[in-house]
Amino acid sequence: MLDPPAALAPARLSNAEIATQLLSLAQLLSTQGENPFKIRAYRRAAEAIKTLPESVDELVRSDADLTQISGIGKGISGALREIVQSGSLRHLETLRSTVSPELAALSEYPRLDPKRVLRIYKKLGISSVAELKAKLEEGAIAEQLGIRMDQHVRQALVESSEILLFDADEIVPGIQRFLVATCGAKRAAVAGDFRRRVDVVRELVFVVEADDFPAVVEKFTRFGGGTEELSADDQRAAFRLSSGLRVTLERGQAAKWGLTLLACTGALGHLEKLEENGHSLEKLAEAREKYATEEAVYRKLGLQYIEPELREGRDEVDRAARHALPSLVTVEAIRGELHAHSTSSDGAHSIEAMAEAARERGYEYLGITDHSQSLKIAGGVSEEDLWKQIRYIDKLNTRLRGIRVLKSAEVDILVDGSLDYPDELLEELDYTVCSIHSKFGLDRKKQTERILRAMDNPHFSFLGHATGRLLLKRNGYEIDLERLIERAKANGCYFEINSSPDRLDLSAEHARQVSEAGIAIAICTDAHSAAELDFIRCGVDQARRAGLAPAAILNCQPLMKVLRLLKRT
DNA sequence: GCCGTTTTCGGCCCGACTGTTTTCAGTCG
């Protein structure tokens, strides 16, 4: 069937273009004092559209039911139809014509928060986005309005190509399916940072096997209703998705599949280490032998197979040559959870429900670590209530089967380094997780001394999220990890890898340092609901990148051993 | 506006603390 003449058919819109209209509407509605939940609904819908493999434009034209997409109901579905059919949204155009010229101009940059921008305009005596950009470059925004404001403007003006590994996990299967089902690839394997399980992914790399690679590349430009092609030749092609993320397709052939996969998985440092050791991948590529799997490549090189998580160019090649690589921790090796919240503070489920969820996951024990009294916002537990909780858990344990609930708390490390409960109460707990939740602004020395002092309390068991970082959102506070490691070792304290997808704190690098000092690490989810116990896989990914074996992990040990290790007094 | 239901309306974190952007917005979980 022929397409109708161009003049009669509105231009096809990419999901990115459609999502931008929803975001602009949300932004302008926010200046009109609209219901914040309505605004959030538009934003959520825009996000959903951005990561959708199918073209919204095509879905509308084929009269598909858009409300099947999570976050899209009758209202927004109607808006999407209007955008596709007419090219614009009346509600948005009306708003643009009624608001001030400054705000109307801002709606072209829907990720900018108008309230904040107007404050900047006022402070710096400017009135346009062009001037805003100029001030940003000069550093005037950071200087006069603070780094947070600078960060906001920067992130809103510049499309970010970085996403959390956790979010990448959501979109990778859709891309893979699209490559095979729609683009006609025989096989598509994800490589790069994602495969090495790096916490923040900057680019997705797929190795693609296809009879007609250029055809795959051509069809991939239709992903998400339109994906920008940045470059393409007969071996590789680069794209930018609606979400801003870069995707690279690398051509792979069955006979050399393992070799291509290895080269595309990297990291560069790992490949360089292989070269330094006289293992030229290029030579292998030219050779006649088949290298259909990575195992075959490493075998040929006389190396033990190296897990992707270890391929960072540290000592993994040397160790592989000596066949001395660690057997990395797995989710199956985890025997219990040591950091989880309940409805006693800010968790979604009761202690008993959490215990049941832990038991379902095959755990032997679950530590309930609700927030301590100072952390009001998170419903911190009063002393009196913690005493009650201790007695409650003792009773609960007499009737629970197959799981032991441990009595604990996530105890705030106060600004002076003291702990947020009196010693006689801490004494009654099986162990403690001690964390910083306030005064992030202290300098490195003060922050370190604050934690050192906390570690000197004999009831301090392990340090929760050591730097307080939130990936892509907030840098952590500064700490002197070496001094902390030294004191932890002297005092019998431990560290956690917080598995929350945007924390992953300790980082892999920090976890490596801690472990190399001979200190065991707890991999904890910090679950605030039963479902969040599954974040454990994210923490395990980090631990694997740090080269940790089960023996180095506290909660890979049986109950009695964990209790013995954690209790210092 | 979406969602889910002990279905068609009520909930969707929120609330104390902080501090220099200065008296309200940003911050913490």
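From a predicted model like this one, the values you see are computed outputs, not experimental measurements. Order of the sequence lines fixes the chain letters, A, B, ..., with proteins taken first and strands second; residue numbering starts at 1 for each chain.
If you take atom C1' in B/dC14 and the same atom in B/dT8, they sit 27 Å apart, rounded to whole Å. On the P atoms, B/dA16 is 32 Å away from B/dC9, given to the nearest whole Å. Only the C1' atoms considered, B/dC17 is 25 Å distant from B/dC12, to the nearest whole Å. For B/dG1 and B/dT6, the C1' atoms lie 24 Å apart once the distance is rounded to whole Å. Straight-line distance between the P atoms of B/dC13 and B/dT22: roughly 31 Å, to the nearest whole Å. Taking atom C1' on both nucleotides, B/dT21 is separated from B/dG26 by 10 Å, rounded to a whole Å. Taking the P atoms as reference points, B/dT7 lies 14 Å from B/dG11, given to the whole Å. Comparing the same atom, P, in B/dT20 and in B/dC28 gives a spacing of 13 Å after rounding to whole Å.
OP1 or OP2 of B/dG29 has at least one side-chain nitrogen or oxygen of A/Arg474 nearer than 4.0 Å.
As rounded to whole Å, 13 Å separates atom C1' of B/dG1 from atom CD1 of A/Ile49. The distance between atom CD of A/Gln447 and atom P of B/dC28, rounded to the nearest whole Å, is 11 Å. Atom CZ of A/Phe535 and atom C1' of B/dG29 are 14 Å apart (whole Å). Distance, A/Lys74 NZ to B/dC2 C1': 13 Å, rounded to whole Å. Look at CD1 on A/Ile69: it is 18 Å from P on B/dG1, rounded to the nearest Å. A/Leu80 has its CG atom 12 Å from the C1' atom of B/dG1, to the nearest Å.
Proximity of a side-chain donor or acceptor of A/Arg568 to a complementary backbone N or O of A/Cys493 within less than 3.5 Å is not detected.
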Q: Would you mind building the protein contact string for nucleotides 9-22 of chain B? One character per nucleotide, 5' to 3', B for base within reach (heavy atoms under 4.0 Å), S for sugar-phosphate only, - for untouched.
A: ---BSBB---S-B-

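Residue order along DNA chain B, read from the 5' end via each residue's closest nucleotide, puts A/Ala41 first among A/Asp526 and A/Ala41.
A salt bridge between A/Asp57 and A/Arg61 is present, with a side-chain N of the basic residue lying under 4.0 Å from a carboxylate O of the acidic one. With respect to the salt-bridge test (charged N to carboxylate O, under 4.0 angstrom), the residues A/Arg197 and A/Asp169 qualify. Contact check on A/Glu93 versus A/Arg90 returns no salt bridge, with no Lys/Arg side-chain nitrogen under 4.0 Å from an Asp/Glu carboxylate oxygen.
Within the nucleic acid shown, A/Lys115 has no heavy atom closer than 4.0 Å to any nucleic acid atom. Here A/Ile39 lies out of heavy-atom contact (under 4.0 Å) with every strand. Using a 4.0 Å heavy-atom cutoff across all strands shown, A/Thr67 reaches no nucleic acid atom at all.
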Distance-only check: which donor-acceptor pairs under 3.5 Å involve side-chain atoms of residues 67-78 of chain A, not counting sequence neighbours?
residue, atom, partner, partner atom, Å
A/Thr67, OG1, A/Asp65, OD1, 2.6
A/Thr67, OG1, A/Asp65, OD2, 3.3
A/Gln68, NE2, A/Asp65, OD2, 3.0

Side-chain donor-acceptor pairs of residues 38-54 of chain A under 3.5 Å, sequence neighbours excluded:
residue, atom, partner, partner atom, Å
A/Lys38, NZ, A/Glu34, OE2, 3.0
A/Thr51, OG1, A/Glu47, O, 3.4
A/Thr51, OG1, A/Ala48, O, 3.4

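Remark: A/Glu170 CD is loosely packed, at most 12 non-hydrogen atoms of other residues, nucleotides or ligands lying under 6.0 Å away.
Here the side chains of A/Arg450 and A/Lys439 are in contact, with some heavy-atom distance below 4.5 Å.
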